[in-house]
Student: 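Can you read through this structure? Questions will come right after.
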Amino acid sequence: ALTAQYLARHAPAGCRWALAGRNRVKLEAVRAELALIDGHLAELDLVIADVTDADSLRPVAESTRVLITTVGPYIEHGEPLVAACAAAGTDYVDLTGEPEFVDLMYTRYQQPALASGARLVHCCGFDSIPHDLGVLFTVNQLPEGVAIAIDGVVRAGGKPSSGTVHSAVTAFSRVRSSTQAAKARRAVEPRGADGRRARASGTAPRHVDGLWLIPLPTIDPQVVARSARALPRYGPDFSYHHYAGVRRLTTVLGGGVGFAGLFALAQLGATRRLLLSRFAIGDGPSAATREKSWFSVQFTGVGGGRRVRTEVRGGDPGYDETSKMLAEAALCLAFDKLPPTSGQVTTAVAMGQPLIDRLTAAGISFEVLTG
């Protein structure tokens, strides 16, 4: 609903779009809300499609240039849309942060997407646009052709979305299958023949400038590394470290205990279902609460004898800014002049500076702090 509302306010004149889903009554309710923003949207097309029915998805993919999906957990519901877009040559964007899903979609649909020309762009929300494009923005401040090392530190104030909780808990319960999917991807993914290296990881926790830096085991470093391998601008030897920045040690310790508890509860079906029942997908904070939420990702980049600090900053990460990022990524693919790409690509590779420009105009800050 938030993504549709953003499109209602910001889609350019002449943009033709529709709402697709399996429940007409719910689609009509969303459309009625959109009509309050723009009366012309009272006639917005509704398309009935169900991810459990591949025949219903095929005409959806074949009738559009870009398809946005907010379904999740994607490992349970996402594959049929990827398959339909890869076959039809339709560009695809989602907001997953699930490494297993992304790896499986690469091994299963990379070749069909390359053949059809489809661009499959995962992770177009808070995972991983601020990090992927923030690193690209930082790299562009440093000299070309040199080794580059970047640290990213994430801080945020806000409530995670219920969909994110479901995806995270599902991922915790699938560690073995996720490891197998990553291994299968490594076996078939080209590593490049130009001798460049790109690595992304965390290091041990440390205390810097009043913050505890805690390595974050999210998909973001993987996305950054894939961008670095694809883009020569990242230099011959690139490394990225990804952290959460926390001011109080007690918060670090409490977060570690909470993470361990969630991981343990996710391992058993009964406790996992009980846990997820407390987070209904679609539920979320009020607009007033979201108005007070924020995020900041600060990057420190070093290369060629130069040091630079940058920041990507915005509002509520889990809902408002994620819907903005997702919608602007789709509009960028649909309307902007972009480099020719196909297959599974990151936001930095597929869109890069044009998407940074769009997000900046939409109120997400990309700023050089020092250097």
Student: What's the separation between atom CZ in R185 and atom CD in Q222, rounded to the nearest 0.5 Å?
Tutor: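 Answer for the CZ-CD pair, R185 versus Q222, is 8.5 Å.
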Student: Distance-only, no hydrogens or angles: does the S116 side chain make a donor-acceptor pair with backbone N or O of A86 under 3.5 Å?
Tutor: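 Judged by distance alone, yes, a pair lies under 3.5 Å.
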Student: Do the side chains of L359 and F366 get nearer than 4.5 Å, heavy atoms only?
Tutor: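 Yes, side chains in contact.
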Student: Is any side-chain heavy atom of Y319 less than 4.5 Å from a side-chain heavy atom of S293?
Tutor: no
Student: Side chains of C123 and L95: does their closest heavy-atom pair fall under 4.5 Å?
Tutor: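 C123 does not reach L95 side chain to side chain.
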Student: Salt bridge or not between D103 and R186? Use side-chain N to carboxylate O under 4.0 Å.
Tutor: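 A salt bridge is absent here (no side-chain N lies under 4.0 Å from a carboxylate O).
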Student: F238: which residues meet the ring-ring contact (aromatic ring centres under 6.0 Å, His included) condition with it, sequence neighbours left out?
Tutor: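 With sequence neighbours excluded, F238 shows a ring-ring contact (aromatic ring centres under 6.0 Å, His included) to Y234, given in chain and number order.
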Student: Please assess T96 against D94 for the test side-chain hydrogen bond (donor to acceptor under 3.5 Å, both in side chains), listing each intermediate value before the final yes or no.
Tutor: CA-CA 6 Å; T96 188; D94 66 26; 5.2 Å; no
Student: Which of parallel (below 30°), tilted (30 to 60°) and perpendicular (above 60°) describes Y240 and F299?
Tutor: tilted
Student: Between atom OG1 of T70 and atom CG of L2, what is the distance when rounded to the nearest 0.5 Å?
Tutor: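 Output value for this atom pair is 9.5 Å.
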Student: Within the 4.5 Å heavy-atom criterion, are V121 and M351 side-chain neighbours or not?
Tutor: yes
Student: How long is the straight-line distance from CD1 of I150 back to OG of S239, given to the nearest 0.5 Å?
Tutor: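 It is 8.5 Å, given to the nearest 0.5 Å.
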Student: Which class fits the ring pair F101 and Y74: parallel under 30°, tilted 30 to 60°, perpendicular over 60°?
Tutor: tilted
Student: For the backbone of V349 and the side chain of T346, can you confirm whether one donor and one acceptor N or O come within less than 3.5 Å of each other?
Tutor: yes
Student: Are L36 and L34 co-members of a hydrophobic cluster defined by side-chain heavy atoms under 4.5 Å apart?
Tutor: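 In one cluster with L34: L36, no.
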Student: Show every ring pair (Phe, Tyr, Trp, His ring centres under 6.0 Å) that has at least one partner inside residues 23-49, sequence neighbours left out.
Tutor: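 As it turns out, there is no ring pair (Phe, Tyr, Trp, His ring centres under 6.0 Å) pair with a partner in residues 23-49 once direct neighbours are skipped.
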Student: Above 12 or not: heavy atoms from other molecules or residues under 6.0 Å from CD of E28?
Tutor: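 Counting neighbours around CD of E28, more than 12 heavy atoms of other residues, nucleotides or ligands fall under 6.0 Å, so yes.
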Student: Spell out, as yes or no, whether a donor-acceptor pair under 3.5 Å connects the side chain of K324 to the backbone of A362.
Tutor: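 Looks like yes, one N/O pair under 3.5 Å.
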Student: Evaluate the criterion side chain to side chain contact (heavy atoms under 4.5 Å, CB included) for residue pair V153 and H242; output intermediate values, then yes/no.
Tutor: CA-CA 6 Å; V153 179; H242 189 60; over 6 Å; no
Student: Test D50 against S56 for side-chain hydrogen bond (donor to acceptor under 3.5 Å, both in side chains), laying out the working first.
Tutor: CA-CA 6 Å; D50 190 329; S56 73; over 6 Å; no
Student: For the CG atom on D209, are there more than 12 heavy atoms of other groups (residues, nucleotides or ligands in this structure) within a distance under 6.0 Å?
Tutor: no
Student: Quick one: CZ on R197 to CZ on R191, what's the gap to the nearest 0.5 Å?
Tutor: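 Spacing of CZ (R197) from CZ (R191) equals 12.0 Å.
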Student: Are there over 12 heavy-atom neighbours, none belonging to R206, within less than 6.0 Å of that residue's CZ?
Tutor: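 More than 12 heavy atoms, drawn from other residues, nucleotides or ligands, come within 6.0 Å of this atom.
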Student: For I48 and R24, what are the C-alpha separation, side-chain angles and deciding distance, and is it a side chain to side chain contact (heavy atoms under 4.5 Å, CB included)?
Tutor: CA-CA 7 Å; I48 305 304; R24 175 172 287 277; 3.8 Å; yes
Student: Check whether any side-chain N or O of E76 sits under 3.5 Å from a backbone N or O of G72 as a donor-acceptor pair, and report yes or no.
Tutor: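 No; zero donor-acceptor contacts below 3.5 Å.
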Student: With D55, which residues qualify under salt bridge (Lys or Arg N to Asp or Glu O under 4.0 Å), at least two apart?
Tutor: R58
Student: Could you check if a side-chain atom of L355 sits within less than 4.5 angstrom of a side-chain atom of M325, using non-hydrogen atoms only?
Tutor: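 Not touching, per the 4.5 Å side-chain cut-off.
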Student: Walk me through it: do E311 and S296 pass the test side-chain hydrogen bond (donor to acceptor under 3.5 Å, both in side chains)?
Tutor: CA-CA 7 Å; E311 181 182 51; S296 164; 2.7 Å; yes
Student: Does a side-chain N-to-carboxylate-O contact under 4.0 Å join R108 and E79?
Tutor: yes
Student: Might you confirm whether atom CD of E291 has over 12 heavy atoms from other residues, nucleotides or ligands at distances under 6.0 Å?
Tutor: no
Student: Should S177 and E100 be marked as a side-chain hydrogen bond (donor to acceptor under 3.5 Å, both in side chains) after you check the CA-CA gap, both sets of side-chain angles, and the distance that decides it?
Tutor: CA-CA 7 Å; S177 57; E100 181 186 2; 3.1 Å; yes
Student: Using modelled atom types and a 3.5 Å cut-off, is there a donor and acceptor pairing between side-chain atoms of R196 and backbone atoms of R229?
Tutor: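 Yes; judged by distance alone, with no hydrogens or angles, the pair exists.
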Student: When rounded to the nearest 0.5 angstrom, what distance separates CG in L114 from CD in Q110?
Tutor: 4.0 Å
Student: Strictly distance-based, threshold 3.5 Å: is any side-chain N or O of T322 a donor or acceptor partner for the main-chain N or O of P317?
Tutor: yes
Student: May I ask you to decide whether R358 forms a salt bridge with D336, counting only side-chain N to carboxylate O separations under 4.0 Å?
Tutor: yes
Student: Determine whether a donor-acceptor pair (N or O, by modelled atom type, separation under 3.5 Å) exists between the side chain of E98 and the backbone of I75.
Tutor: yes
Student: Does the side chain of Y106 reach to within under 4.5 Å of the side chain of E189, using non-hydrogen atoms?
Tutor: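 Heavy-atom side-chain distance check passes, below 4.5 Å.
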Student: Ignoring hydrogens and geometry, is there a side-chain-to-backbone donor-acceptor pair from T64 to A61 under 3.5 Å?
Tutor: no
Student: Short question: side chain of R119, backbone of G343 - any donor-acceptor pair under 3.5 Å?
Tutor: no
Student: Is there a side-chain contact between L67 and D91 (heavy atoms, below 4.5 Å)?
Tutor: no
Student: Is there a side-chain contact between F295 and R155 (heavy atoms, below 4.5 Å)?
Tutor: no
Student: Looking at CG of L326 and OG1 of T3, how far apart are the two atoms once the value is rounded to the nearest 0.5 Å?
Tutor: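 Answer rounded to 0.5 Å: 5.0 Å.
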